[in-house]
Amino acid sequence: MSGRTSEATSPRAPTGPDARYNFREAEPRWQAAWAERRCFAAEADPARPKYYVLEMFPYPSGRIHMGHVRNYTLGDVVARYRRARGFNVLHPMGWDAFGLPAENAARDQGIHPAAWTYANIAAMRAELKRMGLSLDWDREIATCHPEYYRHQQKLFLDLFEAGLVYRKEAWVNWDPVDSTVLANEQVIEGRGWRSGAVVEKRLLSQWFFKITAYTEELLAALKDLERWPERVRLMQENWIGRSEGATISFALAGRGDRLEVFTTRPDTIFGASFCALSPAHPLALELARDNAGLGAFIAECHALGTTEAALETAEKRGFDTGLKAEHPFRPGVSLPVYVANFILMEYGTGAIFGCPAHDQRDLDFARKYALPVLPVVAPPGADPSNFAVADTAFLEDGVLINSEFLDGLDVAGAKRAIIDRLERDGIGRGIVVYRLRDWGISRQRYWGCPIPMIHCDACGIVPVPARDLPVRLPEDAAFDKPGNPLDRHPDWKHVSCPGCGRPARRETDTCDTFVDSSWYFARFCSPRADEPVTRADVDYWLPVDQYVGGIEHAILHLLYSRFFTRAMRACGHLSAEEPFSGLFTQGMVCHETYKDTGGKWLYPEDVLKRPDGSAVHAATGGKVTVGRLESMSKSKKNVVDPGAIIDKYGADTARWFMLSDSPPERDMEWASAGVEGAYRFTQRLWKLVTGAPAPESGGAAVTAGDFGADALALRRATHKTIAGVTEDIEKFHFNRAVARLYEFANTLADSGAGSGLGFAWARREALESLTRLIAPMMPHLAEELWEQLGHRELLALAPWPEADPALVDDLIVTLAVQVNGKLRATIALPRDADRRVAEEAALADEHVRRAMAGKAARKVIVVPNRVVNVVV
RNA sequence: GCCCCUGUGGCGGAAUUGGUAGACGCGGCAGACUCAAAAUCUGUUGUUCGCAAGGACGUGCUGGUUCGACUCCGGCCAGGGGCACCA
């Protein structure tokens with residue numbers, strides 16, 4: 001080592017290449033080398049097994065955040081590992097580039113959305129490139145580019161042709177702050193997911209994708225997505241919301257028509273005491289024409305909509321229409337028909353029968369309007385003659401009572417019996433209904449993909465001919481007023497009708513941005529094709545073998561992508577059944593929060609932590625309150641800028657720390673002390689490999705006889721580590737892989753000088769294996785070490801090390817010896833020693849003898865290579 | 001309200017899936033080097049009793065199954081997430 005002392009101390013001042021690993025110099029150098037060799041450019045090759053790794057593409061906000069660093073590091077480990085395993089890997093990157101923030105920037109800063117977006121993309125691309133990700137940048141796409149949305153418009157036309165797109169007048173969720181329509185999924189607790197504004201109901205003509213055409217398929221296929229987290233499958237299952245029930249049609253007294261209701265409890269028909277209609281039900285609207293009171297009630301229901309007041313009160317209210325529905329099995333009994341505010345037109349038939357004894361809402365309603373409550377299911381063993389329901393409905397299984405031909409059956413049996421009877425009588429049938437609704441995609445915004453349709457007074461709605469695509473966004477839109485800039489534009493919407501040539505109007509709605517992200521994974525397979533996708537390419541690359549992203553997209557994005565895959569298949573674009581065969585959902589990156597004495601949030605870099613755990617303001621020395629761990633957010637200032645971390649420690653350290661400690665699916669804490677530890681490890685590795693160079697074997701033949709005990713021990717450690725790290729990476733247990741690599745580096749550092757040709761060979765094998773194993777996680781350092789070990793070829797192109805099974809298992813194993821289940825000793829035995837040998841060795845141990853206190857062993861349990869338990 | 005997940009040292013977490021609880025990292029303590037500090041290296045670090053050998057206790061709480069339970073089962077408690085007038 002050199003005599004220099006003042007350098008090489010702080011991460012801020014690394015120096016000469018011989019003293020320390022200089023990431024500042026090395027990282028850009030290796031990135032340039034990878035780019036020059038085009039190591040990560042993917043090409044379809046049917047002769048090779050493919051592996052498509054994809055992380056959810058980012059919204060170009062302008063800066064990357066720690067969540068991105070974690071997401072892209074996880075994906076990159078998989079990509080680099082698979083490449084080393086010989087797969088033809090596709091690992092692309094793009095930009096989810098349409099969306100409202102660009103229009104807000106235009107309004108607030110006077111920058112055009114396109115200029116703002118492309119500048120952000122350039123900034124973020126540069127940041128991502130510094131991370132050393134093994135991406136095929138040749139395939140980069142941005143959804144706001146006409147070369148992308150042009151193909152999306154073509155897909156829209158194809159879906160339209162296939163009957164999967166339609167237009168209907170619908171009550172929509174209107175966000176008054178963003179002046180746009182939101183999908184049901186984008187309304188969270190009655191508020192817009194982006195603006196947080198209270199959402200109103202409005203009736204508008206909207207474009208819909210017929211996702212319900214695939215409801216059964218989307219649900220049934222979930223069980224085959226074995227490499228998806230169970231929890232995501234469950235969330236989608238709940239979202240689709242399958243429920244089995246029956247329709248029952250009631251005759252209406254004094255009218256020729258009938259009322260059809262939907263119920264999941266047809267078995268409770270004899271307990272029915274009223275019927276109720278949705279305020280939007282056609283019959284309700286018809287009756288309202290001659291009934292001012294009813295009209296007022298319906299108007300009131302709509303006005304309330306999903307406003308705050310409605311959410312808070314949530315009171316069940318109804319209006320008696322005066323109509324009577326005749327009970328289908330009890331001649332002469334009739335039920336009042338109400339319009340009720342809690343019945344949804346979109347679910348079932350928009351009408352129900354109420355059985356208060358066995359449904360809590362119906363019970364509340366019945367009590368309010370003094371309707372009868374007749375129990376028809378009693379708990380098993382209860383006396384049917386005096387079983388009654390007070391203010392809690394009885395929802396469990398039991399025995400049918402007061403129900404004529406159903407009496408004595410259980411709930412499941414009664415359901416079957418009544419459905420049989422309804423079907424025989426022709427007044428109902430068993431059906432399955434779903435919660436899932438069609439996907440409303442119209443947005444009254446500028447910065448989105450224009451919907452390629454034209455409204456003609458003579459021809460109606462006419463698709464834009466494919467040859468006229470793309471329908472480009474006008475560049476000269478104005479953003480200073482609320483509402484849709486496309487609709488306000490002086491001439492953009494005026495076109496001639498493709499059918500009759502007369503003046504017509506363009507559709508001014510643009511697509512929900514979830515449409516853009518519903519097929520980008522397919523576009524990556526042939527990103528410059530003159531058609532949405534090239535069949536041969538998508539059929540080779542799809543499905544995505546490993547998709548990585550945040551749990552927040554568990555429902556919307558993933559369900560829409562699954563729909564799009566099916567819709568594109570129906571249009572002949574691809575043959576994949578599912579878009580993502582493997583899914584991994586990562587946890588969030590969290591950080592402590594800090595507040596000063598005035599209660600103002602502080603950035604972590606302005607806070608000084610003291611050894612006793614307290615914290616002070618770095619500049620003023622004032623007291624700082626340390627708050628709990630929370631997901632990083634700008635509003636709480638508990639953010640750490642990835643750029644600053646990479647400046648200070650390098651990309652490899654940031655990547656390594658991201659993978660250490662916390663399992664990737666769990667939330668993690670970004671702790672500065674942990675980062676320092678990761679940085680120290682990079683330097684230790686550098687010293688380990690360069691400090692005591694392993695001689696090159698130079699092709700000299702090494703035979704088994706050359707390996708002494710120390711060499712063999714080292715070789716066993718090496719092969720055990722290879723096997724362990726390989727398994728950990730396969731299973732996404734990156735934190736365990738990291739722990740193993742720390743352990744192996746410690747073993748290697750402690751293994752000393754050793755002697756002889758065999759040891760030198762074993763040491764070199766160990767160092768090369770270590771270098772290859774860290775490569776997916778710390779790719780730059782690994783290349784540097786690989787070069788130091790004398791290799792001329794890039795490590796990025798080298799294969800993954802193979803573990804020799806003969807060296808993975810130890811020859812001598814340690815067994816635990818218990819007496820009555822308590823650990824008393826450990827004994828060392830040859831691997832797979834005979835049970836009798838193990839038993840004798842255990843009983844001979846002095847600690848064991850003492851614990852047995854002279855008593856005889858009643859029973860001895862031997863688990864080979866693990867444990868001997870002596871029962872006395 | 002319904003559904004799901006998680007609870008292990010001072011902290012992040014590990015435990016071959018029923019077989020030596022606490023690997024690995026962070027932090028702490030002690031020591032070496034240094035005029036001193038930083039960096040680096042060595043040792044130590046669940047609690048507790050004991051000079052020691054050694055013992056007792058210990059995976060949210062509680063009961064059970066088992067030769068043996070962080071792991072399986074029942075009942076609680078706490079934290080987090082999803083859905084929520086869905087008939």
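Atoms considered below: every heavy atom in the structure, side chains included; atoms not considered: hydrogens, waters and symmetry mates. Residue numbering restarts at 1 for every chain, and letters A, B, ... go by the order of the sequence lines. Nothing here was measured: the structure is a model prediction, and the numbers come from that model.
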Check every atom of U20(B), G25(B), A87(B) against the side chain of Asn746(A) and return the nucleotide holding the closest atom. G25(B)
So, does Arg680(A) get its side chain near the phosphate of A38(B), meaning an N or O under 4.0 Å from OP1 or OP2? no
For the residue pair Trp656(A) and Phe681(A), categorise the inter-ring angle as parallel (less than 30°), tilted (30 to 60°) or perpendicular (more than 60°). parallel
Would you mind telling me which of C3(B), C85(B), C67(B) lies closest to the side-chain atoms of Asn869(A)? C67(B)
Indicate syn or anti for G9(B), taking the glycosidic torsion and treating anything within 90° of 0 as syn. syn
Rounded to whole angstroms, how far apart are CZ on Phe365(A) and C1' on A87(B)? 13 Å
Can you tell me how the ring of Tyr21(A) sits relative to the ring of Trp686(A), calling it parallel under 30°, perpendicular over 60° and tilted otherwise? tilted
Quick one: which of A84(B), G13(B), A56(B) gets closest to the side chain of Lys822(A)? A56(B)
Give me the distance, rounded to whole Å, that separates U20(B) from G75(B) when you measure between the C1' atoms they each carry. 31 Å
Please report the distance separating the C1' of G58(B) from the corresponding atom of G9(B), rounded so that it comes out in whole Å. 10 Å
I want to verify a distance call: between G19(B), C83(B), G13(B), whose nearest atom is closest to the Ser662(A) side chain? G13(B)
From CD1 of Ile352(A) across to P of C85(B) the rounded distance in Å is 15 Å
Could a donor-acceptor pair under 3.5 angstrom be found where the side chain of Arg866(A) meets the base of U16(B)? yes
Measuring from atom NZ of Lys415(A) to atom CZ of Arg265(A), what distance do you get when rounded to the nearest 0.5 angstrom? 5.5 Å
Name the closest nucleotide to the Val863(A) side chain, picking from A87(B), G19(B), C83(B). G19(B)
Please give, in whole Å, the distance from U6(B) C1' to Ile551(A) CD1? 14 Å
Counting side-chain heavy atoms from C-beta on, which of G13(B), C83(B), A23(B) comes nearest to Glu743(A)? A23(B)
Return the pairing partner of C11(B) with a 3.5 Å limit on both distances, Watson-Crick or G-U wobble; otherwise return none. G25(B)
Under 3.5 Å, side chain of His358(A) to main-chain N/O of Val376(A), donor-acceptor pair present? yes
Parallel, tilted or perpendicular: which one describes the rings of Trp439(A) and Tyr560(A), with boundaries at 30° and 60°? parallel
Between U16(B) and U71(B), how far apart are the two C1' atoms, rounded to whole Å? 13 Å
Under 4.0 Å between a side-chain N or O of Arg740(A) and OP1 or OP2 of G25(B)? no
